[in-house]
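Working notes, beginning with the structure itself.
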Amino acid sequence: MSDYIFRFNKSNKYLNATLLIIPMVLLFIGIYGGLMQTLFRAGIVTSDPFVGGDYYKGLTFHGVLNAIVFTTFFAVVLGNALIPYSLKKELNSRIAWISGILMLVGSVLAAIVIFMGEATVLYTFYPPMMAHPLFYIGLTLLVVGSWVASANWIPMYLQWRRENPGKKTPLAVVGMFTTFIIWFIATLAVAVEILFMLLPWSLGLVDEINVMLARTLFWFFGHPLVYFWLLPAYVMYYVFMPKMAGGKLYSDMAGRLVFMLFILFSIPVGTHHQYMDPAIGAQWKFLHGIFTFAVALPSLITAFTLAASLEHAGRQKGSTGLFSWMGKLPYFKKENWFFPYLILGLIIFIFGGIGGIINASYQMNTVVHNTAWVPGHFHLTVAGPVLLAFLGGSLYLIGQFLNKEIRLKGWAMISPYVYTIGLFIMSYGLKIGGLQGMPRRTNTGLSYANPDSILYQPDWIAYIDLSVIGGVIMFIGIVIYLASFFATVFAKGGNGEGEGADVTFPISEPLHDEKASWLRNFKPFIIIAIILIILSYTPVIYDVLQATYGGSPPFSPESPVPLR
Ligand code: HAS
């Protein structure tokens, strides 16, 4: 079956193109912030020459723009594209624009406040560090905009189900709805944190804040957030990659099962970020630890299913040996420039995933927590498989929505290789440095990497240097990518001002198309997920409320005394 072409109307074409281009500019600023992080930590710079401000301000815009803003926009655009395409239904443009405008206004607002130095609170915005109220309002608008976008997909889906009784929902649609079901449940907690705690405190309506409760609500949201990042990448791995490799998806059922397992286990795990926090009983940390091992299961199923799909593709091309199929994959084909973004991400994720399982083990977590090991882990996950898949996806989508041939394809193909080399070097430095005790979220350049400081740690210098070298190479990889992205955006051609966009996707067929009727309905999985959340979080919140008394006044990283 050849892939069909679906026409998006003019309004949806321009909306989706806008939601790809503006976040790409913000991503570039965030990536620049990442480069500056490595230079700050090595003591090469002490203040940002372009943006001004110190390490913590840079760390804030690096984390917020890359991990929260860019990812949310991409997940929305992928849904806006794949759901109408797979269901062959028109997206309601008016609602889609309302959601897009809310997200854009919110993100730009948050970014401005960070650049003014009024929200140096990092991407976790933990109290007692306090931001300007407009920062919290900006993030709220971003989240509400994403809710509106996903609500806009529901009528299309319900109508499709009425018209196609008994038919399997396309896997891409299952994946995108899973992503946003998790997102919706998770963001409820951060909405409570922002609306009832951070915002009144930042507005001066209350003097103090319960720090432990805020952290706990944040991590209720924060761990499912990582699967909100991962799942759009999984959609592309399951739906596009087997076909790009020249094969089929090994098992359709495995894909559906994986998405449903994520609904069950993404949320009741957040306390594994708080293993070292006081106030929460050890038995509840243990329970969250068990669920954390459960949430690794769908990724392990994914590893086997995707490896089988790629092996099938290799064998279609004549491979017969045990591992020789690996050599038959299209690693360096300019026309197949998207494939490297996905395969390199998967290879990186082998290391990122193993690191996650180490973090999840309580005893080992005591060694790595709050060390540079943790950014080592998350660069091998969110800045590896997720970022690469989102970059590849953004370039593919912009070409589709503007109906333009991708420009500088060779550059587009080589960029993920350059980036991956840098990423491995940087993450190695961070991880090994972390095992030696090097802290995270600390400007090592002023202290441990500074020969004049009494805290000077010569043993860590080599690891700090590796992260600078890796960080510079990663930055070059992204610049190469952006050259191709913006050359495509500004290229002449396309299908004219007044027209819509003809969009097509490489949708993989399944090799085994199991019936699996028990996996066709979201409802039982959502109900079980809610039960697991209640069971795992009620005692945690109870402990936190029991154990913490009073609250904290606001602080900023610049001031050792309370702000008021
Ligand atoms: Fe994590 C901390 C545990 C996955 C992101 N994580 C973080 C933080 C971030 C993050 C941002 O338990 C820091 C938060 C902060 O600022 O404090 N993480 C896990 C576990 C997993 C995991 C168990 N994390 C992710 C993903 C992320 C992410 C995904 C982003 C997208 N993480 C933790 C814990 C902490 C933590 C603790 C707290 C640490 C602390 O103390 O602060 C699992 O989901 C991982 C399962 C993954 C696998 C890998 C499967 C491999 C695949 C590739 C197959 C390859 C093929 C290619 C098929 C089991 C699917 C073959 C072809 C060839 C040609 C070779």
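For the numbers below, each heavy atom of this structure counts, side chains included, while hydrogens, waters and symmetry mates do not.
- In this view, N210 and T548 satisfy the side-chain hydrogen bond (donor to acceptor under 3.5 Å, both in side chains) rule, not counting sequence neighbours.
- Scanning for ring-ring contact (aromatic ring centres under 6.0 Å, His included) contacts around Y238 gives F259, with sequence neighbours left out.
- Checked against a 6.0 Å centroid threshold, the rings of Y417 and Y331 do not count as neighbours.
- For F61, the ring-ring contact (aromatic ring centres under 6.0 Å, His included) partners two or more places apart in sequence, or in a different chain, are F115.
- Remark: the W183 side chain and the S150 side chain contain no N/O donor-acceptor pair separated by less than 3.5 Å.
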| task | Take N370 and M276 through the test side chain to side chain contact (heavy atoms under 4.5 Å, CB included) and record every step on the way to the result. | result | CA-CA 9 Å; N370 268 343; M276 300 301 126; over 6 Å; no
Side-chain donor-acceptor contacts of residues 457-483 below 3.5 Å, not counting sequence neighbours, with atom names and distances?
unit_1: W460; atom_1: NE1; unit_2: Q436; atom_2: O; d: 3.3
unit_1: S467; atom_1: OG; unit_2: I464; atom_2: O; d: 2.8
unit_1: Y481; atom_1: OH; unit_2: L391; atom_2: O; d: 2.7

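- In this structure P554 satisfies the side-chain contact (heavy atoms from CB on, under 4.5 Å) test together with M130, W201, L563, R564, sequence neighbours excluded.
- Looking at residues two or more places apart in sequence or on another chain, you find no side-chain hydrogen bond (donor to acceptor under 3.5 Å, both in side chains) involving S484.
- With sequence neighbours left out, the ring-ring contact (aromatic ring centres under 6.0 Å, His included) criterion links F351 to F424.
- K409 meets the side-chain hydrogen bond (donor to acceptor under 3.5 Å, both in side chains) test with E335, E405; sequence neighbours excluded.
- Side-chain atoms of Y234 and P385, non-hydrogen and from C-beta on, never get closer than 4.5 Å to each other.
- The residues D277 and R215 are annotated as salt-bridged, a charged nitrogen and a carboxylate oxygen being separated by less than 4.0 angstrom.
- Counted by atom type alone, W284 and T271 present zero donor-acceptor pairs between their side chains at under 3.5 Å.
- For H223, the side-chain hydrogen bond (donor to acceptor under 3.5 Å, both in side chains) test picks out Y227, H272, H273, with sequence neighbours left out.
- The side-chain hydrogen bond (donor to acceptor under 3.5 Å, both in side chains) contacts involving residues 357-369 comprise N359-W373, where partners must be two or more places apart or lie in separate chains.
- With sequence neighbours excluded, no residue forms a ring-ring contact (aromatic ring centres under 6.0 Å, His included) with F40.
- Listed by first and then second residue, the salt bridge (Lys or Arg N to Asp or Glu O under 4.0 Å) pairs that reach into residues 189-202 come to none, sequence neighbours excluded.
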